[in-house]
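So the structure is just underneath, and the comments pick up after that.
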Amino acid sequence: MQNYKPEPSHRASEEWGVMMSRCSNYMDWVDTVIRRPLQGSWKGRDANAAQDRLGRLGQNFQYAAQQTSLIRTALDGVATALAAEHRKLIEALEEAESRKYTVHDDGTVEYTAEGTDDPHAGGNTGPDPNIHWAQEIQDHITLAVKRATEIDQEYASTLNRLQTGRGLTIDDRMWLDAARDSKAVRKAAGDDLGLDSIPKKGTKPKDVNSWWRGLSHEEQQEYQALYPGQIGALDGIPSDVRDEANRGRLRQSHADAQMKLNQHLQEEPDKWIAVDASVRRPNPEWEEWDEKRKSLQGLSDGTNAIQSNLDKGGEKGLPEGYLLGFDDEGIGRAIVARGNPDTADHTAVYVPGTKTKLPEIGMDLERSDALWQESAKLSDGQSVSTVTWLGYEAPQDITGDATESEKANEGGPLLNQFVDGTRATHDGASPSHTTVVGHSYGSVVIGSAARQGDLHADDIVVVGSPGMQVHHADQLDVGADHVWAEEADNDFVPGLGAPYHGFPEGHLTGPEWITPTDDAFGANQMETDTSGHGDYWDHNSESLRNQARVIAGHSDEVSRDE
């Protein structure tokens, strides 16, 4: 311990950091250089098999990047922790040397007595002052050695967990094991890596961004490896960092749901209970079992839909996907971007409405992709990012919580926070031209966001809106000239929802109900050629093109509903 040198461990940590970066780069290379170009030019069974193999190869590099990051962090952690105990030991030894004490190999401290505790002894009398100092030095030495031994054992156990062999198959069990590995490294590190210094959720995104950019590259890697949940959820963290943190959590969530589902399917009870030879009644145990099956199946389906959407980069010219938020608790949360909002010239944030939840998010991701494809056609070569923002708890009952303001009022500040985050992380000299698009109850969330705080968007587009908690478009932050509305034939939601959301918040009975497509609201009325509540994103429709014109900065070309 006395001769401990942290430099070898730090060098090893740096080498593992290089390996981590290589694995991450290889993952991107497999996806962007090999897999994507093949999607549009090679079809058939062999092409599908090749895509599957390439997908698994990319997943292997993703897993390797995560695990090597943990090894790098563990090595750096053990070196830092042992170095701290080594300094304490050296300080104690130097103190002993300055007092001319002898420190033995077992840590005991010997000194020449200057006095005695025996009042009847001759010579110097009174307590020996060396007793106190010798004991204190010995205690410091003992504690430093004891703590160093504990650190060594803890990290040795942790690093042993991270060992693997050749031919490893990255399956669901491995992803769950990776989550346990991360937990083990966190436990070994304790508070050494400063969990408490991570900004709390709700911190202003510009402050989060300043904190992140103030960290060294090594510190950023450590936080990302050990606390992906916290880092992936923070508005103000760069999109590529959030994406990497959340993708690992997505894999782990899917693995957990699929393994639990497989086990659950093996435990199915009888669906019916025989009352007599000719009569059966439903088995309550089966009904309870089936509810859990639906929940697990839904989570598996939802995580699959997100992963499939992320893998679509390169198809039909679609850019890379970014997972900017993920949570599988309750109905779930997900924030998925098509194209990088940190570099986009035009960004659209699509807020879905009632009945949106993680198990059924696939349809909303397709709508966001349709917005990207149409907006990119009109953007004059400028870059576009479209974001599906399920960052709030959407109501699930069209006649229940969808008629109330609670979900919107809770979601509004979260939407403001996210939009502010896209501004804080944007790389350009000026912010991206940002459009917030709300469907159905999502428009109520947008109205609540503008009413409760500052919605830093350039334009607002609402489709199928039941009302926005305000009476006029100029009460929204973007100004009436930048509020756009669509209402399709046979869309029943605006009429049914207006008595609940078509008046200022707090006015329980009006004075009169109004929705954004009413002339008195003062919004720009866009031509709508689709029907029903869910077809506003039909390809080749004027409904979709008009939304895209606003997103791409060509609102002067919007066809109006006269």
Side-chain angles (χ1 to χ4, degrees), residues 59 63 169-184 187 228-229 232-233 246-310 323 325-336 352-366 388 390-404 406-407 410-411 440-441 533-534:
Q59 184 180 167
Y63 178 85
T169 299
I170 310 301
D171 56 13
D172 288 344
R173 291 186 181 278
M174 294 306 302
W175 280 111
L176 292 180
D177 191 57
R180 290 189 287 268
D181 291 342
S182 182
K183 184 177 181 180
K187 180 181 177 183
N246 287 317
R247 285 194 187 223
R249 298 178 64 227
L250 177 70
R251 295 278 192 190
Q252 291 160 6
S253 177
H254 175 74
D256 184 54
Q258 192 60 51
M259 289 186 66
K260 288 179 178 177
L261 177 61
N262 293 340
Q263 179 64 34
H264 189 65
L265 292 174
Q266 297 175 18
E267 301 169 352
E268 180 178 5
D270 291 333
K271 187 174 182 178
W272 303 96
I273 296 176
V275 177
D276 54 39
S278 59
V279 178
R280 298 186 303 171
R281 64 179 175 84
N283 183 357
E285 289 186 10
W286 184 89
E287 293 175 351
E288 183 179 343
W289 173 90
D290 194 47
E291 283 301 311
K292 184 175 181 180
R293 178 195 64 79
K294 290 177 181 176
S295 176
L296 290 171
Q297 185 66 63
L299 181 54
S300 179
D301 291 344
T303 51
N304 256 336
I306 294 173
Q307 187 62 57
S308 296
N309 184 266
L310 293 171
L323 185 57
F326 176 77
D327 188 348
D328 59 10
E329 293 295 320
I331 66 169
R333 307 283 192 281
I335 305 172
V336 185
T354 303
K355 293 190 175 182
T356 308
K357 54 185 176 182
L358 190 62
E360 299 170 11
I361 197 173
M363 178 178 64
D364 291 293
L365 297 176
E366 291 175 3
T388 302
L390 181 57
Y392 78 111
E393 184 177 352
Q396 298 299 301
D397 186 353
I398 195 169
T399 60
D401 52 359
T403 64
E404 301 170 355
E406 181 180 0
K407 306 293 187 185
E410 291 174 352
S440 191
Y441 194 89
H533 190 57

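Values below: every heavy atom of this structure, side chains too, minus hydrogens, waters and symmetry copies.
- Taking CG from Leu296 and CG from Leu261, the interatomic distance works out to 5.5 Å, rounded to the nearest 0.5 Å.
- With hydrogens and angles ignored, the 3.5 Å screen pairs a side-chain donor or acceptor of Ser308 with a backbone N or O of Asn304.
- Between Gln396 atom CD and Tyr441 atom OH the span is 11.5 Å, to the nearest 0.5 Å.
- Taking the side chain to side chain donor-acceptor pair (under 3.5 Å) definition, one finds that Asp290 meets it with Arg293, sequence neighbours left out.
- Atom CG in Asp270 sits 8.5 Å away from atom CD in Glu268 (nearest 0.5 Å).
- To the nearest 0.5 Å, the span separating CG on Asp301 from CD1 on Ile361 amounts to 13.0 Å.
- Side-chain contact of Ser253 with Asp328: a donor-acceptor pair under 3.5 Å is present, judged by distance alone.
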Q.
Is there a side-chain hydrogen bond (donor to acceptor under 3.5 Å, both in side chains) between Gln252 and Asp256? Walk through the geometry before answering.
A. CA-CA 6 Å; Gln252 291 160 6; Asp256 184 54; over 6 Å; no

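- Atom CZ of Phe326 is separated from atom CG of Asn246 by 8.5 Å, given to the nearest 0.5 angstrom.
- Take Lys407 and apply the salt bridge (Lys or Arg N to Asp or Glu O under 4.0 Å) test, not counting sequence neighbours, and it matches Glu393.
- Residues Ser300 and His254 come closest through the heavy atom pair OG-CE1, 3.4 Å.
- With a 4.5 Å cut-off on side-chain heavy atoms, Lys292 and His264 count as touching.
- The ring-ring contact (aromatic ring centres under 6.0 Å, His included) search around His533 returns His439, not counting sequence neighbours.
- A 4.5 Å side-chain heavy-atom check between Gln307 and Leu250 finds at least one atom pair inside the cut-off.
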(Q) Working note: Gln266 + Gln263, criterion side-chain contact (heavy atoms from CB on, under 4.5 Å); need CA distance, chi angles, decisive distance, verdict. (A) CA-CA 5 Å; Gln266 297 175 18; Gln263 179 64 34; 4.2 Å; yes

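- Remark: the Gln258 side chain and the Asn262 side chain contain an N/O donor-acceptor pair separated by less than 3.5 Å.
- Rounding to the nearest 0.5 Å gives a distance of 11.0 Å between CG of Asp364 and CG of Leu358.
- Looking only at side-chain heavy atoms (C-beta outward), Ile273 and Pro282 stay at 4.5 Å or farther from each other.
- Minimum interatomic distance between Asp401 and Asp397 (heavy atoms only, all atoms of both residues): OD1-N, 2.9 Å.
- With Thr303 contributing its side chain and Leu299 its backbone, the two residues share a donor-acceptor pair below 3.5 Å.
- Here the closest heavy-atom approach between residue Val336 and residue Ile306 is recorded as CG2-CG2, 4.2 Å.
- Two residues are said to be in side-chain contact when any heavy atoms from C-beta on lie closer than 4.5 Å; Glu291 and Lys294 meet this criterion.
- Counting only heavy atoms from C-beta outward, the side chains of Ile335 and Thr388 never approach each other to under 4.5 Å.
- Under the rule for a salt bridge (Lys or Arg N to Asp or Glu O under 4.0 Å), Glu267 has no partner lying at least two apart in sequence or in another chain.
- Residues meeting the salt bridge (Lys or Arg N to Asp or Glu O under 4.0 Å) test with Asp327, sequence neighbours left out: none.
- Other residues, nucleotides and ligands contribute only 12 or fewer heavy atoms inside 6.0 Å of the CD atom of Glu288.
- In terms of the ring-ring contact (aromatic ring centres under 6.0 Å, His included) criterion, residue partners of Tyr392 (sequence neighbours excluded) are, by chain and number, Trp389.
- What you find for Ala394 and Gly353 is that their closest heavy atoms are CB-O, 3.6 Å.
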